[in-house]
Structure formats: C-alpha cells, structure tokens
Student: 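Below is a structure I'd like to ask you about.
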Protein chains: 2
Amino acid sequence: MNSEAVSKKIYIEIVKKIRKMIDEDGLKPGDKIPSERELSERLQVGRSSVREALRAIELLGLIETRRGEGTFLRDARGNQMVQLLSTFILQDQKAVKDLKDTIQFIEMDCLRVILQRNNDEGIHHYRQTVEMLDDVSDDEFFLKMVELTDNHLLYRIWVVLNDFYRSLDLKKETSSKPAYLAVLDALMNGEEKEVIEKYKKLRKLL
Amino acid sequence: MNSEAVSKKIYIEIVKKIRKMIDEDGLKPGDKIPSERELSERLQVGRSSVREALRAIELLGLIETRRGEGTFLRDARGNQMVQLLSTFILQDQKAVKDLKDTIQFIEMDCLRVILQRNNDEGIHHYRQTVEMLDDVSDDEFFLKMVELTDNHLLYRIWVVLNDFYRSLDLKKETSSKPAYLAVLDALMNGEEKEVIEKYKKLRKLL
DNA sequence: ATCCGCAAGTGGTCTGACCACGCTGTATAT
DNA sequence: ATATACAGCGTGGTCAGACCACTTGCGGAT
C-alpha cells in the first residue's frame with residue numbers, strides 16, 4: 001500500500017487530483033464538487049486529508065464551502081486569503097502604505113499596457129460606458145481597467161490587494177467622473193506622461 | 001466587523017491565536033513552535049483543527065514543518081504557495097506569459113521607485129558591489145533591486161512569482177555584467193525613459 | 001571512550017463519532 | 001387541494017484516539 005518515493009504530503013497530491021477532477025468533469029464556477037466523504041472514498045484517503053486539501057484550495061479563493069450544503073467552485077476572488085493576510089502582514093503603518101503603493105503600481109502598469117496596445121476602440125467603448133453611468137466608484141473604474149489589461153495573474157493580484165485594502169476601514173475616496181474621463185482621454189491621446197499625470201491627479205498623488 | 005460571527009471557522013481563530021503567541025513569545029525565524037498536540041491542548045481544540053490552521057500558515061510561507069522534528073518559523077518566502085499556484089494557475093501558455101509580464105512589470109515599478117527616490121549613494125554602492133562580483137545572476141540582481149525599493153509587500157509578491165517562474169524549467173537567461181551596469185548608470189543619470197530602455201535591453205525585450 | 005539500539009517525541013494519516021446547518025419530501029392542518 | 005410544519009438525510013465542522021514514519025537523544029553494551 002505504501003509505495004516508496006512518495007514522501008510528499010498527501011494533501012498536495014489531493015489538491016492536484018481535485019484540480020484534475022474539476023478539469024475532466026468540466027466544472028464551472030457555481031458548480032458543486034463532490035462531498036468530502038465522497039472524495040475521501042474515491043481517492044482512497046482519509047477525510048481529514050481531503051479537508052486539508054480543500055482548505056488549501058479555499059485559501060486560494062477557488063472554492064467556497066457552505067455548511068449543510070456543500071463545496072462549490074467560485075469565480076476566483078481572494079477571500080480567506082485576505083483575512084489571513086490581514087492577520088499576518090498588517091502589522092504596522094508602513095505595511096498599509098506599501099499596500100496602497102503596490103495597488104497603485106499595478107494600476108499604472110495596467111494603464112501603460114493598455115496604452116501600448118493602442119486599442120482605441122476598446123477604450124472608446126469604455127469611455128462611453130463611463131459617461132453614461134451616473135456614479136462610478138474607483139473600484140469599478142479600475143476593476144474594468146485591470147480587466148482590459150487581459151493579464152489574469154495581474155488581475156488576481158489586484159483584486160486580492162484591493163479587497164484587502166477596502167477591508168481596512170480607511171476613508172474610501174471616490175473621484176469624480178471628469179477625472180475618470182481625463183484618464184481615458186489621455187489613453188486615447190497616446191502620451192504616457194499625460195496618462196500617468198491624469199492618473200496621479202485622480203488618485204490625488206500630486 | 002468584530003461582531004459575534006460565531007459561525008466563523010475555528011481554524012481561522014487558531015491562526016490568529018498562534019500569531020499572537022508568536023508575537024508574545026518573541027519567536028524569530030528558526031525557532032520552534034509548540035507541537036500540534038501541545039497547541040491542541042493549550043487552545044482547547046482538536047488536533048485536526050490545529051493542523052488546518054498550521055496548513056494555512058504554511059501556505060503563507062511563514063512556517064515549515066519537519067516530520068519527526070517539529071514546526072519552525074521561517075523567514076517568509078513563498079514555498080507551498082508556489083506549488084499550489086503552479087497546480088492551479090498554470091493551465092495554459094497564456095498564463096506563463098502573464099507571469100513573465102507581471103514579474104517584469106514589478107521590476108520596472110521598482111526601478112521607477114528607486115529613480116524617484118533619487119538615492120544616488122545607495123545606487124552607487126550597489127554598482128560597486130556588482131562591479132566587484134564575477135558573475136551575477138538576474139535573480140540576484142533583481143532581488144537586490146526589489147529590496148532596495150523598500151516595499152515589503154511588493155518584495156513578497158516578486159519573490160513568490162519569481163520562485164514560481166524559476167520552478168518551471170524554462171531556459172534561464174542570464175545577462176552580462178555590462179547590462180546590469182547600464183541599468184544602474186541610467187538610474188544615476190535620472191532619466192526614466194533611459195532606465196526602462198536599458199532594462200528592456202537587459203530583459204531582451206527590444 | 002565509542003558505538004549501537006531503543007524509547008520518546010513529533011508530524012502525517014486514517015477512522016469513527018457527534019454536532020450544526022440547509023434542503024426536501026411527507027404528513028398534517030386548514 | 002393548498003399551505004404549513006416537521007422530521008430525516010446529506011453536508012461541512014470538529015473532536016478524540018489510534019497507528020505509522022521519522023528524528024533525536026539517552027543509556028547500555030562493547
């Protein structure tokens with residue numbers, strides 16, 4: 001029963017098998033995955049090991065467990081991760097500044113990518129959307145912006161950090177529509193310096 | 001936020017208590033933390049719950065478990081996280097490109113920060129170090145660079161992503177010393193455009 | 001003094017049990 | 001016939017105890 005060479009932790013293997021299972025069964029966000037007991041039986045491992053694996057996947061924000069109902073796939077958004085990060089990483093004021101800085105670095109990176117891609121139609125379409133809406137929050141504006149960048153990893157990082165930042169109850173500054181439009185216009189104009197300038201104005205960094 | 005919420009999972013609470021314990025006892029990297037059985041008894045919870053908490057902390061790269069020895073604090077570097085990320089996020093080639101891009105975005109952000117800080121002495125000192133060493137790897141060069149940025153969060157993210165990227169066995173390109181020096185010189189010169197240009201040359205992006 | 005082996009301690013895993021909660025089908029009341 | 005209440009079942013959450021695998025260190029044998 002115990003083949004050698006398997007000194008690795010079981011739960012890591014289980015994570016991989018569950019991932020494979022999700023792939024093969026073509027499960028999508030919202031779908032239910034097998035119960036802990038069924039996984040335990042199908043994979044021939046103890047339920048506690050299955051739970052350790054699920055905990056890890058949950059930490060990555062990929063599943064959600066609901067007592068009495070089951071375990072479900074979710075559209076990856078950091079959740080537990082945020083809680084734990086806040087427990088460990090947020091120990092001094094410097095950390096908050098680092099967090100804020102990092103979020104803004106990513107946002108500027110996104111702007112640069114969008115600028116370089118030179119996708120005027122996409123930007124124009126987005127500008128129209130913004131113009132129509134009555135109130136736009138910074139979150140919405142940049143979420144869309146980061147999505148436009150089409151870098152899933154960067155998107156994930158930004159979402160986690162932004163959720164985290166919002167979870168601290170600092171004053172949430174919201175900018176005005178003209179500030180958003182100014183950034184978008186600068187993007188269409190095509191001057192990096194101007195884009196960054198408008199961005200910093202929006203974020204009140206000047 | 002701090003309301004009852006009795007429905008919270010025990011293991012989250014345990015994580016917080018362990019963190020507090022580490023603080024109060026003044027434990028440092030390398031130190032041993034109490035055994036699972038002792039934690040279980042001291043916190044009056046089941047050992048399996050303690051294990052789920054330790055798994056979470058391990059995922060964050062903050063502890064290391066050694067069978068037969070115990071559990072030890074470590075100098076936070078993403079480890080298990082990397083393995084799990086690779087299991088889940090690395091599903092297509094696009095993901096690899098996103099990863100590479102993201103690493104490079106962060107590196108450029110660091111360069112911009114260093115540039116703005118205008119810390120000539122620090123850069124000069126670093127330049128001397130590089131000049132003396134016989135061979136410098138990209139990893140070493142940028143690790144130092146990200147450290148210089150003095151943003152612990154950004155540092156952590158970079159380390160995780162970079163470890164991850166290195167763990168895929170793609171060809172590891174190493175640049176020549178002149179390329180490093182060119183970036184450093186550009187930093188001292190103070191022109192952002194030139195810094196980015198030298199960086200891209202180093203990364204062979206031109 | 002050196003070496004070896006065994007006991008103790010630790011993490012890794014499994015099993016079985018019980019609780020808390022959500023859902024659903026059925027029996028009951030209207 | 002319809003609406004409501006409730007009990008049973010399946011699920012995740014937690015606990016206790018038992019082994020196993022591995023490391024260390026102590027004590028006895030040489």
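So that the names make sense, note that chain A is the first sequence line, chain B the second, and so on, each numbered from 1. Only a predicted model underlies this, so the values are computations on that prediction, with no experimental measurement involved.
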Student: Protein within reach of the bases, or only the backbone? For nucleotides 11-18 of chain C, mark each nucleotide 5' to 3' as B, S or -, using heavy atoms under 4.0 Å.
Tutor: BBBBB-BB

Student: Just to verify, what does B:Asp150 make a side-chain contact (heavy atoms from CB on, under 4.5 Å) with, not counting sequence neighbours?
Tutor: A:Lys94, B:Arg117

Student: Please name all residues satisfying salt bridge (Lys or Arg N to Asp or Glu O under 4.0 Å) with B:Glu131, sequence neighbours left out, ordered by chain then number.
Tutor: B:Arg127

Student: State which residues pass salt bridge (Lys or Arg N to Asp or Glu O under 4.0 Å) with A:Glu36; sequence neighbours excluded, sorted by chain then number.
Tutor: A:Arg47, A:Arg51

Student: Tell me every residue that passes salt bridge (Lys or Arg N to Asp or Glu O under 4.0 Å) with A:Glu69, counting only those two or more places apart in sequence or in another chain.
Tutor: A:Arg66

Student: Round to a whole Å and report the spacing from CD of A:Glu41 to C1' of D:dG10.
Tutor: 14 Å

Student: From CZ of A:Phe72 over to P of D:dG10, roughly how many Å is that when rounded to an integer?
Tutor: 16 Å

Student: For B:Val146, enumerate each residue passing the side-chain contact (heavy atoms from CB on, under 4.5 Å) test, keeping only those at least two apart in sequence or located in another chain.
Tutor: B:Cys110, B:Tyr155, B:Trp158

